[in-house]
Amino acid sequence: MEGRRPKPVRDLPETIHSLLGLKSHLTSAWVKSVCNIVKNVSSSEISSSSKEEDDSAFIEVQSLRDKLYALTVQVNDQSKQRRRILNEFLDLKGNIRVFCRVKPLDSQNLRAPVASDTRNVVLKLTETKRKTYNFDRVFQPDSSQDDVFLEIEPVIKSVIDGYNACIFAYGQTGTGKTYTMEGLPKSPGIVPRAIKGLFKQVEESNHKFVINFSMLEIYMGNLRDLLVSQATKPIDPIPPSLLIHTDAKGEVDIENLVTIKVKDFNQVFKLYKLGCRNRATASTNSNSASSRSHCMIRVSITCLGAPERRRETNKIWLVDLGGSERVLKTRATGRRFDEGKAINLSLSALGDVINSLQRKNGHIPYRNSKLTQVLKDSLGQDSKTLMLVHISPKEDDLCETICSLNFATRANNIHLGQDESKEEQEKKEAVLMNLQNMMEKIEQERETTLKEIRYLNERLEKLSGKPHFTEEEEEDEIREEIQITPKIPKNKSRRASDVFPSFMRPTASSNRRLSGTDFSVISNGPGFKSRRNSMISVRAESVCLPVKKNGFDSACGSSERSVSKSICFMRPNTADDAATVYSQDISECDIKLVVSEHKPKVLQMGPGSANKSRSKIGFFEKNVNQKEGGTEFSRINSWLHSQSENRSYVLDKKRLPATPFPAKPGRLSRDRSLDQSSTKRFTTEKITGTEIVEEFKTEETGIKPTPMLKDLFELQCLCSSETEDQILSRYLNPDDEESLYPPSLVYDGLSQHIDNVWFGVDHSSDWEQDSPASILLSEGKSDLKQLLPETGLDQSHKPKSERVLGFTEDVAPPLRRPQEIMGGRGKAHRFMRKLQALCFRILLGLGFIDVGYGNDFFNGLTK
Ligand SMILES: Nc1ncnc2c1ncn2[C@@H]1O[C@H](COP(=O)(O)OP(=O)(O)OP(=O)(O)O)[C@@H](O)[C@H]1O
């Protein structure tokens, strides 16, 4: 530092010394001049030295940035090369590969008719007859989970490179599919290893990735979201149907499937456990906990600004297929038989698709099953597909083993005459080895570059206080934020139930056809003997329109569709039926609510409830009067238009509706959702042994999500580090003009008010907030509530304010038949219904005019 000081500073001590020697000159002028020197020198010293330091730091930061930029270009180049080599490697190996895994023998079964080496399985059919099956790789009974994953790893890497992939476990019940996919805590299977591998790759990458997790099952031909509690009790809200859409590019999207953004393996693991709990399993002759469905995990990956990747968003499916079985052998009846039949049908469709892809047929029969529809964009083209066929070496299972191996052979291209000679094989092996070496080399180089980038970034962060971001990356950050906000599906075709008046909406049966619900398994015939079944049948017969009062379902909702779904869970009772287990199985529920068709009657009412209700109606009335701008017509109109844009609700931050949490002062919009109520009535019976409590309930027409969505909201709270308030603050306000919510024209407080004031009908007693039913119903929901804490998702992220489950907030009760609802209401209600019908007619008319039918059209109709 000394050498770098300017000359006046260096000379300052000498100057002062010399001046001090001349004490006789200590005049005021002298003191002034010395002061000036000190003043000038200190300021010049400080400014010049700090400027120099700034300059040198700036130069260092700049050079670091330059180096980082060069290294980023280099690493992107290396990634591109790696992707090319890896893809070549996988292409050569085959984009659809079939492996076989042989289950270890139990000690008591010493005679095994199955022998294997690394590529072949030999079956001893008779003493003299043998049959050999070839595979891309055979995992013998003593092979470990590590051995299996070693073969899978390149596919996981290619997922990071932007390719779609699909890994299946296929085989007879009990042959180890779940063992291979899930594994045991001591020997984890493909799913945990693959997800860990993905996160490791993401961590090592110089790009930012967004990873989303979803889990569903295909049970009896229906898609069920495994991250959402299924409706197994009459009071449960019915989850929305999962609909498969294919866009113009051929990419498949599943509408309404919950997709959760995950940041690390632990989050995925907890969600996976939650999903497994919701999965349908049952005890069969072959396996005490047999999977009765296809369990499908989807991990989708988005990385923006990485041109070396194949596509911006891609996905990997990890599928534990339902056990293939011969129903003759399992001697399954009733539900087990139907489950087995559904599994076999979809497996056969999958076999057809893979076979067609291997044969490069013009037509690939994706549409033959839900399984192949869902996997359409992850099978074929440049997607990587791995099928792991599991076989049992037991003599008893020989027939099943032959079936499985025949299935695998259809999926394998080896039997299509594409098998190579030994020479060709050796050549191929050599090329593969060479590619593998090249890949290892480039990966090492890439790793070194990435290390250097990390080191320089740390230095840069120390110097400048922030990590290095290229302009591109900064842009990507912003784009990423945009990407994870919900896509508003403007071009998505509207469903009739979203926009049309009730008489134009599809019927329950047409919806059933649409949703593919298999009614062949439903029988309302004789055989409903148990209490459990009769309870379910009551639900089916008396619950016509289970209105879900959330932001996504319209006031007149897609309730018929929901019914068609709910009926899926009804089943006749046969010996085989009882054991399909859902996490919230009805059989485990000792408190049941039955919706009966009794006339509403108040048996128990808390004191002061009438006052409460009056005050609520008063509040609502005030709220209605406060509404500004726009008539009911324009509200309906804007709502109708908004509906088509608001159907899909991937669990994404900005899509969740305003949630009915305890109202806070000043939050009028949320208060409104709690306070808008009407008087739909139904009676409930609590069956706990001999106790029957009849209950009179109010149902909210206030706009709020179903408990299920609320649970999802909590899930989001748990998954993200944001507090509930932070999340809520970003949601749309129900009072906003662009609200998601339907206008509450039909069952709102206004009609009550008119009833009260104009016609003298008093609905005030309809309000009952702390009735025993609310406790009952909240008990009914408790399993769902318990489930979430059990997932173990970071409890520290739990919202500060604990929400209490109560009937009016949490349960969207099923409704009774419309005619009863009509009967139970006042004249104002009928008046409002008529007004609504008029509105719809007018809107319909306007719609026709829009599409070209003018007045003449209507004149023609009326003449
Ligand atoms: N390779 C293996 N090594 C050790 N144990 C195995 C192996 N494969 C399977 N098992 C054991 O066999 C039993 C049945 O396996 P698993 O449940 O995975 O069968 P599955 O094919 O998934 O059956 P299902 O189709 O009925 O669900 C489990 O206890 C599992 O631990």
Side-chain angles (χ1 to χ4, degrees), residues 99-109 112 114 116 118 121 137-152 167-193 215 217-220 226 272 275-297 318-327 329-332 335-347 350 371 387-394 396-397 400-401 403-405 407-408 576 579-582:
F99 300 157
C100 180
R101 188 173 194 181
V102 187
K103 190 183 171 182
L105 256 184
D106 303 339
S107 53
Q108 65 266 33
N109 270 288
V114 179
S116 57
T118 50
V121 173
R137 175 75 202 263
V138 175
F139 299 105
Q140 292 165 67
D142 59 348
S143 59
S144 67
Q145 302 278 60
D146 285 338
D147 295 335
V148 177
F149 191 67
L150 215 62
E151 282 289 339
I152 309 271
I167 300 174
F168 301 102
Y170 173 94
Q172 180 199 347
T173 299
T175 45
K177 295 182 295 295
T178 309
Y179 179 80
T180 298
M181 294 308 284
E182 187 182 325
L184 302 171
K186 275 189 212 154
S187 50
I190 291 173
V191 174
R193 284 166 194 257
M215 194 166 169
E217 73 174 345
I218 302 181
Y219 178 71
M220 306 270 277
L226 288 177
Y272 178 69
C276 287
R277 286 185 60 130
N278 284 338
R279 206 183 156 187
T281 57
S283 177
T284 62
N285 290 344
S286 318
N287 192 352
S288 61
S290 175
S291 325
R292 309 309 298 155
S293 61
H294 307 304
C295 174
M296 310 178 76
I297 291 166
L318 300 164
V319 188
D320 183 357
L321 292 167
S324 63
E325 56 199 8
R326 285 181 315 131
V327 275
K329 176 168 180 183
T330 55
R331 292 188 297 278
R335 193 159 193 80
R336 286 295 84 71
F337 177 82
D338 290 324
E339 287 167 350
K341 205 171 68 180
I343 289 171
N344 287 345
L345 275 173
S346 53
L347 290 177
L350 177 67
L371 178 67
M387 165 92 73
L388 281 129
V389 177
H390 293 75
I391 55 168
S392 153
K394 283 190 206 168
D396 283 354
D397 294 327
E400 277 67 36
T401 302
C403 288
S404 294
L405 291 173
F407 174 89
D576 257 358
T580 301
V581 178
Y582 310 93

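Along the sequence shown, residues carry numbers from 1. Both ligands and their constituent atoms are indexed starting at 1 by order of listing.
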| remark: Judged by heavy atoms only, the candidate from Tyr170, Phe139, Tyr179 nearest atom 3 (N) of ligand 1 is Tyr179
| task | Taking only heavy atoms of Gln172 into account, list the atoms of ligand 1 that are under 4.0 Å away from them. | result | 21 (O)
| field | Mode of Arg101 contact toward ligand 1 - side chain, backbone, both, neither (heavy atoms, under 4.0 Å) | value | side chain
| message | Regarding ligand 1, does Asp320 bring an N or O atom to under 3.5 Å of one of the ligand's N or O atoms? | response | no
| Is the shortest heavy-atom distance from the side chain of Ile391 to the side chain of Gln172 under 4.5 Å? | no
| message | Please determine whether side-chain contact (heavy atoms from CB on, under 4.5 Å) holds for the pair Tyr272 and Glu182, giving the CA-CA distance in whole Å, both sets of side-chain angles, and the decisive distance to 0.1 Å. | response | CA-CA 10 Å; Tyr272 178 69; Glu182 187 182 325; 3.1 Å; yes
| request: Please lay out, stage by stage, how Glu151 and Phe139 fare under the test side-chain contact (heavy atoms from CB on, under 4.5 Å). | output: CA-CA 10 Å; Glu151 282 289 339; Phe139 299 105; 3.8 Å; yes
| Can you check whether Ser143 reaches Arg101 side chain to side chain, under 4.5 Å on heavy atoms? | yes
| Between Gly322 and Leu347, what is the shortest heavy-atom contact and its length? | O-CD1, 3.8 Å
| Which of these, Ser392, Pro104, Ser143, has its nearest heavy atom closest to atom 1 (N) of ligand 1? | Pro104
| By number and element, which atoms of ligand 1 are closer than 4.0 Å to a non-hydrogen atom of Gly323? | 25 (O)
| Qualifying residues under side-chain contact (heavy atoms from CB on, under 4.5 Å), relative to Phe407, sequence neighbours excluded | Tyr170, Met387
| field | Numbering as shown, the atoms of ligand 1 that approach Gly174 to under 4.0 Å (heavy-atom distance) | value | 14 (C), 19 (O), 20 (P), 21 (O), 23 (O), 24 (P), 25 (O), 26 (O)
| message | Going by the closest heavy atom to atom 22 (O) of ligand 1, which one wins out of Asp142, Thr178, Thr173? | response | Thr178
| said: Any atom of ligand 1 sitting under 4.0 Å from a heavy atom of Gly171? | reply: no
| said: Below a 4.0 angstrom heavy-atom separation, can you tell me which part of Pro141, side chain or backbone, both or neither, approaches ligand 1? | reply: neither
| request: Check ligand 1 against Lys103 and write out every atom of the ligand that is under 4.0 Å from a heavy-atom position of the residue. | output: 8 (N), 9 (C), 10 (N), 12 (O)
| Check against side-chain contact (heavy atoms from CB on, under 4.5 Å), His390 and Ser404 | CA-CA 8 Å; His390 293 75; Ser404 294; over 6 Å; no
| task | State if Met181 counts as touching ligand 1 under the rule of any non-hydrogen atom under 4.0 Å. | result | no
| said: Test of understanding: with salt bridge (Lys or Arg N to Asp or Glu O under 4.0 Å), list the residues that count as partners of Asp146, not counting sequence neighbours. | reply: Arg193
| message | Could you work out, for atom 9 (C) of ligand 1, the closest of Ser187, Gly176, Ser144, Gly183 by heavy-atom distance? | response | Gly176
| field | Stepwise side-chain contact (heavy atoms from CB on, under 4.5 Å) test for Thr401 and Val121 | value | CA-CA 11 Å; Thr401 302; Val121 173; over 6 Å; no
| request: Heavy-atom contacts with Lys177 under 4.0 Å: which atoms of ligand 1 show up? List them by number with element. | output: 18 (O), 19 (O), 20 (P), 21 (O), 22 (O), 23 (O), 24 (P), 25 (O)
